[in-house]
Amino acid sequence: MLKLKIFIWLATIKKLDNSFYARPNVVRIARELLGKVPVTEFEGRRTSGRIVEVEAYNGVVDRASHAWSGRRTRRTEVMYAEGGTAYVYLIYGIHHLFNVVTNKKDVPHAILVRALEPLEGIPLMLERTRKAKLDHSLTRGPGNLSRAMGLYTLHTGYSLYENEIYIGDDGYKVRPSDIVATPRIGVDYAGPDAELPYRFFVKGNPYVSGKKNSG
DNA sequence: CTGACGATTCACT
DNA sequence: GTGAATCGTCAGC
């Protein structure tokens with residue numbers, strides 16, 4: 001019974017494509033990513049989960065963005081790629097953060113995926129994170145979820161239109177009344193842009209990071 | 001070449 | 001609430 005359900009779900013999940021990622025409004029795309037399903041499949045080992053928290057980074061006009069004022073370095077170069085490209089970078093020398101590049105080539109928009117609810121491959125996620133049993137910390141917070149999904153800096157630049165890393169749409173819809181917008185976490189350096197309501201999460205979901213779920 | 005530091009997490013008080 | 005972990009990146013010399 002469970003196997004049949006999984007089979008049907010696998011057959012119905014549909015990869016998000018360029019018509020989703022290439023649009024101009026990164027804040028809107030971020031909100032729409034809630035409920036979508038990132039999938040990784042490395043060497044036949046598959047993990048996936050449903051997105052419950054994201055943050056939008058609005059390119060050159062956003063002081064919180066790595067691409068603010070057109071900054072273009074070896075690390076951030078991938079942000080200027082076409083929408084549907086993975087941007088994974090290392091922070092604090094420890095954590096790998098998974099982002100999705102949006103908009104067209106040369107417009108460095110990106111969305112940080114901050115939390116998800118695990119779906120497939122939970123045993124593999126536990127193995128990767130060296131956790132003994134499932135709890136909400138498994139995929140809560142951008143560092144934790146990247147580790148659980150097996151995403152590291154070596155994956156930066158990967159296309160999300162291939163089969164190793166992509167984001168699927170299985171038709172699940174988050175109720176608009178359950179979506180909360182707050183300022184982004186950890187961007188105090190961004191001056192007035194630190195106040196922008198570019199973080200979105202699913203109200204009450206236990207995998208959402210932050211102290212009170214409310215920013 | 002050097003030094004400061006980060007879109008975080010976790011253990012500890 | 002505070003501080004340590006840990007290293008690639010980047011600005012400045």
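Naming convention: chains lettered A, B, ... in sequence-line order (proteins, then strands); numbering from 1 in each chain.
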Q: I'd like to check the side chain to side chain donor-acceptor pair (under 3.5 Å) partners of Lys105(A); sequence neighbours left out, ordered by chain and number.
A: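 Partners of Lys105(A) under the side chain to side chain donor-acceptor pair (under 3.5 Å) test: none.
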
Q: List in chain and number order the residues that pass side chain to side chain donor-acceptor pair (under 3.5 Å) with Thr129(A), two or more places apart in sequence or in another chain; answer none if no residue qualifies.
A: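 Partners of Thr129(A) under the side chain to side chain donor-acceptor pair (under 3.5 Å) test: none.
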
Q: Indicate yes or no: does Lys15(A) engage Glu162(A) in a salt bridge with an N to O separation below 4.0 Å.
A: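 Not counted as a salt bridge, because no side-chain N and carboxylate O are separated by less than 4.0 Å.
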
Q: Any pair with a residue in residues 52-71 of chain A that passes salt bridge (charged side-chain N to carboxylate O under 4.0 Å, His left out), sequence neighbours left out, goes on the list, sorted by first then second residue, please.
A: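 Residue pairs passing salt bridge (charged side-chain N to carboxylate O under 4.0 Å, His left out), neighbours aside: Glu53(A)-Arg114(A), Glu53(A)-Arg199(A), Glu55(A)-Arg114(A), Asp62(A)-Arg184(A).
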
Q: Applying ring-ring contact (aromatic ring centres under 6.0 Å, His included), which residue pairs with at least one partner in residues 116-156 of chain A are found, sequence neighbours left out?
A: Phe42(A)-His155(A), His96(A)-Tyr152(A), His136(A)-Tyr207(A), His155(A)-Tyr158(A)

Q: State which residues pass side chain to side chain donor-acceptor pair (under 3.5 Å) with Glu164(A); sequence neighbours excluded, sorted by chain then number.
A: none

Q: What pairs meet the salt bridge (charged side-chain N to carboxylate O under 4.0 Å, His left out) rule with one or both residues in residues 86-99 of chain A, with sequence neighbours excluded?
A: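 Residue pairs passing salt bridge (charged side-chain N to carboxylate O under 4.0 Å, His left out), neighbours aside: none found.
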
Q: Rounded to the nearest Å, what distance is computed from the CZ atom of residue Arg184(A) to the C1' atom of nucleotide dG6(B)?
A: 15 Å

Q: Could you tell me how far apart Leu151(A) (CG) and dT8(B) (P) are, to the nearest whole angstrom?
A: 17 Å

Q: Please give the distance between the P atoms of dT2(B) and dT6(C) as a whole number of Å.
A: 23 Å

Q: Roughly, in whole Å, what's the span from CD in Glu77(A) to P in dT9(C)?
A: 13 Å

Q: What are the two closest heavy atoms between Val180(A) and Thr182(A), and how far apart are they?
A: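 That closest heavy-atom pairing would be CG1-CG2, 4.0 Å.
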
Q: Check each residue of residues 78-97 of chain A for a non-hydrogen atom within less than 4.0 Å of any atom in DNA chain B, then write out the ones that pass by number, or none.
A: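 Here the set is Met79(A), Tyr89(A), Ile91(A), Tyr92(A), Gly93(A), His95(A), Leu97(A).
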
Q: In whole angstrom, give me the gap between the P atoms of dG3(C) and dC5(B).
A: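 Rounded to whole Å, the distance is 16 Å.
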
Q: For DNA chain C, what residues of residues 134-145 of chain A have any heavy atom nearer than 4.0 Å?
A: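 Per residue number, the list is empty: none.
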
Q: Specify the closest pair of heavy atoms between Leu97(A) and Pro142(A), including all atoms of both residues, with the distance to one decimal.
A: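 It is CG-CB, 3.7 Å.
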
Q: Do side-chain atoms of Thr102(A) reach the backbone of Gly83(A) as a donor and acceptor pair under 3.5 angstrom?
A: no

Q: Is the side chain of Asn99(A) donor-acceptor paired with the backbone N or O of Val88(A) at a distance under 3.5 Å, no angle test?
A: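 No, Asn99(A) side chain to Val88(A) backbone: no donor-acceptor pair under 3.5 Å.
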
Q: Considering residues at least two apart in sequence or located in another chain, which fulfil the side chain to side chain contact (heavy atoms under 4.5 Å, CB included) criterion with Val174(A)?
A: Leu34(A), Tyr172(A), Asp178(A), Ile179(A), Val202(A)

Q: May I have the distance from Asn58(A) (atom CG) to dA7(B) (atom P), rounded to whole angstrom?
A: 17 Å

Q: By a strict heavy-atom criterion of less than 4.0 Å, which residues belonging to residues 65-75 of chain A are in contact with DNA chain B?
A: His66(A)

Q: In dot-bracket notation, what is the pairing pattern of DNA chain C, taking Watson-Crick (N1-N3 plus N6-O4 or O6-N4) and G-U wobble (N1-O2 and O6-N3) contacts under 3.5 Å, with [ ] crossing and | for other strands?
A: |||||.||||||.

Q: Using the test salt bridge (charged side-chain N to carboxylate O under 4.0 Å, His left out), find all partners of Glu32(A) that sit at least two apart in sequence or belong to another chain.
A: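 So Glu32(A) forms a salt bridge (charged side-chain N to carboxylate O under 4.0 Å, His left out) with Arg23(A), Arg28(A).
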
Q: Mind calculating the distance between CG (Leu112(A)) and C1' (dG6(B)) to the nearest angstrom?
A: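 To the nearest whole Å, that distance equals 13 Å.
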
